[in-house]
Structures are given as C-alpha cells and as structure tokens.
Amino acid sequence: MQKLHEIRSEVRKNRPLIHCITNPISINQCANGILAVGARPMMAEHPSEVREITETADALMLNLGNITDIRMESMMISLTAAHENRIPIILDAVGIACSALRRNYLNKLLGIAIPTVIKGNYSEIAALAQSSYRSAGVDADGTLDAPSVSRIANDLAAQHSCVILASGKADIITDSRRTVYIQNGTPQLASITGTGCMLGALCGAYLSAAGGLDAAICACSVLGICGQLAETDKGSGSFLVNLLDALSTLTDAQIDTMLLMEEFHLEKI
C-alpha cells in the first residue's frame, strides 16, 4: 500500500512528461487520464519529430491500435530513442490476436528493444506466446481464465526479461518471480472505448516513478478502483466523466479501503 502511495505522490510532485504514440480512438482518454493522475501527456507521432520528443520524455507508451504506416515508422524511431536513453517503455499489443500485420510488427519492435512492460488483454498475451492463436476483434476471448493466462504471462516474462501485464476480469502482472492479481474494476469500463488504452497510459505515467512491476500494479489498482467509484446508472457518458473525476481525486484512503490484490507464487497458480 505504502509503495503505491509513494508512486502516486512522486508523479504528482514531479509532473513527468509521458510520450504516447497511440491510436486516435483513444488519444483523448489517454491524455486526460495522464493529466488526471498528475503527469503531462505528449501525443506526438510524426516521424520527423518523435526522436527529439522521446529523448526529453520520462516514459514512452506505444499502442498498436488502429495502426498506420506513419505510426509504425514513428514507433520504431521512438522505441530506439527510448532504449538508447534508458527511458522506460510500455508496449500495448492491441489487436495482435486478430491481425498478422500487428503480430509481425510487434516482433520487429521486440527485435529493436524489449519494453519495460508488455501489456495486452488475455487474448493478446496468448497470441504473443503462441503465433497460431487467433481471436476475433480486439476483445479478449472469454474462454481464457486467469490461471492459464498467468502461466503464459510468467513464461513470457521469463523469456523476454520484462513485466507482462494481462488485463481482464483479474488483471495479472508478473515479472516471472512475482505474480500479482488486481481484482478491482467494473463491467462499465467496457462500456466506453479506450479504457484499456488508458490503463497503458497510466502505466506509462507510473513508470516514470517506479520499476515495471510496481508501475503496472499501481496503474491497474488506480484504474480498477476509479472504475468502481465511477459506476452509474445514467449511462456511458456519465460514467466517462465520473471516471476522469475519480482519477483526479482518488485518495490514499480510498486505495487502502478498496484495493483487492493477491500475490502468488507460480506453483500456486
């Protein structure tokens, strides 16, 4: 608990710059989410400027959603710059379970540098581990359960020497030594587009203040709890407003009261 409070406090105190190359569907939510937790978003994606901007950032977030040729070029430039300057990176593997283009491109990115955190929903993490795995669309396959995804995520974390964040009903975070489940959240998070991308953006913000495992735990905890606080019967528009309000006003006491976190060793999963 104390570690989460310290990470959130440091981000609000230092106002780190988070460079995001993400899809236009979620740019607004990601930028507002980063602002709400106290950091500063930069959403530049032109290939001629991304190196310069990445080199000044405190963390880099790359998101494969709604991929384009320009964004693919820019991501490779930014990933290289971040790696050379030891800037922490989160890579959100959006859609790799349904697109060969994205799967192949992800492998190109991993050939340049291994991110601090690789994020995906259950299906995307399964597709990262097994090239033959397929799922329809960008939503997770409901037949995948947390224990099986935990084993896949642990193997991937060991293989790539990074943190794997598998988002789902239980968010699974592992570095192959520690595996943590965050079970906060609400089905209403799926009623608006971009909340998965927001999770990646928050992880980017917290990577500026912590290592990959703690940053991912903090991001999942904060978004899940704020989702619960934002629940409403007024509809998805009101929920989005409530969610941004909760992200900007969340207190340590609310985290202490509401956090649902479990830690496992591999043999117990």
Side-chain angles (χ1 to χ4, degrees), residues 21-23 25-26 61-69 71-72 75-76 79 89-183 185 187 189-190 193-201 203 212-213 216 219-220 223-224 264 266-269:
I21 303 179
T22 187
N23 63 82
I25 300 162
S26 69
M61 189 270 273
L62 303 177
N63 179 300
L64 302 189
N66 189 234
I67 201 69
T68 65
D69 290 344
R71 210 173 298 123
M72 290 169 75
M75 287 186 188
M76 296 180 78
L79 179 63
I89 304 155
I90 174 165
L91 175 58
D92 196 341
V94 177
I96 67 164
C98 66
S99 166
L101 171 70
R102 299 188 201 192
R103 285 192 301 277
N104 294 335
Y105 179 64
L106 176 67
N107 288 327
K108 287 183 180 179
L109 291 177
L110 296 180
I112 294 172
I114 300 299
T116 315
V117 178
I118 300 175
K119 173 193 169 294
N121 63 30
Y122 284 11
S123 288
E124 289 155 357
I125 296 304
L128 179 60
Q130 186 177 357
S131 60
S132 61
Y133 177 87
R134 297 291 182 273
S135 182
V138 296
D139 297 321
D141 180 353
T143 65
L144 292 170
D145 60 22
S148 61
V149 175
S150 291
R151 293 186 177 89
I152 293 169
N154 270 277
D155 289 345
L156 286 170
Q159 176 185 344
H160 294 295
S161 297
C162 70
V163 170
I164 300 294
L165 192 174
S167 60
K169 186 174 182 180
D171 293 326
I172 302 163
I173 307 107
T174 182
D175 62 1
S176 80
R177 296 176 295 276
R178 294 173 59 199
T179 297
V180 173
Y181 284 11
I182 304 296
Q183 302 198 60
L189 284 166
T193 190
T195 50
C197 301
M198 287 176 72
L199 177 59
C203 189
L213 191 77
C220 292
L223 187 65
F264 299 87
L266 180 61
E267 64 270 15
K268 294 182 180 180
I269 295 172

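Residue numbers count from 1 along this sequence. What you are looking at is a predicted structure, and each value in this text was computed from that prediction instead of being measured.
- The distance from atom CD1 of I164 to atom CD1 of I173, rounded to the nearest 0.5 Å, is 11.5 Å.
- With rounding to the nearest 0.5 angstrom, the CG atom of L165 is 12.0 Å from the CG atom of L91.
- Here OG1 of T22 is found 4.0 Å from CE of M61. Values are rounded to the nearest 0.5 Å.
- D155 contributes atom CG, which lies 11.5 Å from atom CG of L128 (distance to the nearest 0.5 angstrom).
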For residues 111-118, please give each side-chain donor-acceptor pair under 3.5 Å, one per line with the distance, not counting sequence neighbours.
residue: T116; atom: OG1; partner: I89; partner atom: N; Å: 3.0
residue: T116; atom: OG1; partner: I89; partner atom: O; Å: 3.4

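- Side-chain atoms of D171 come within 3.5 Å of backbone atoms of G168 as a donor-acceptor pair (strictly under, hydrogens ignored).
- Taking both residues in full, the closest heavy atoms of R71 and G65 are given as NH1-O, 3.4 Å, listed atom of the first, atom of the second, then distance.
- Put simply, OG on S148 and CD1 on I125 are 12.5 Å apart, with the number rounded to the nearest 0.5 Å.
- Contact between Y105 and M72 at its shortest, heavy atoms only, is OH-O, 2.5 Å.
- Under the 4.5 Å side-chain criterion, counting only non-hydrogen atoms from C-beta, S150 is in contact with Y181.
- Across A170 and Q183, no two heavy atoms sit closer than the pair CB-CG, 4.0 Å.
- Nearest heavy atoms, R102 versus L64: NH1-O, 3.4 Å.
- Residues R177 and L213 have side chains not in contact (no heavy-atom distance under 4.5 Å, counting atoms from C-beta outward).
- Across every non-hydrogen atom of M75 and L62, the tightest pair is CG-CD2, 3.9 Å.
- Partner of K119 under the side chain to side chain contact (heavy atoms under 4.5 Å, CB included) criterion, chosen from C203, S167, C197: S167.
- A 4.5 Å side-chain heavy-atom check between N23 and T193 finds every atom pair outside the cut-off.
- R151 contributes atom CZ, which lies 12.5 Å from atom OG1 of T174 (distance to the nearest 0.5 angstrom).
- Between L106 and R103 the shortest side-chain heavy-atom distance does not fall below 4.5 Å.
- The shortest distance between side-chain heavy atoms of Y122 and I152 does not fall below 4.5 Å.
- The closest donor-acceptor contact from the side chain of T195 to the backbone of L189 lies under 3.5 Å.
- Side chain of K169 to main chain of A146: no donor-acceptor pair is present (N/O by atom type, distance under 3.5 Å, no hydrogens or angles).
- Nearest heavy atom pair, residue Y133 against residue S123, reads OH-OG, 3.1 Å.
- Residues L156 and H160 are in side-chain contact: their nearest non-hydrogen atoms beyond the backbone lie under 4.5 Å apart.
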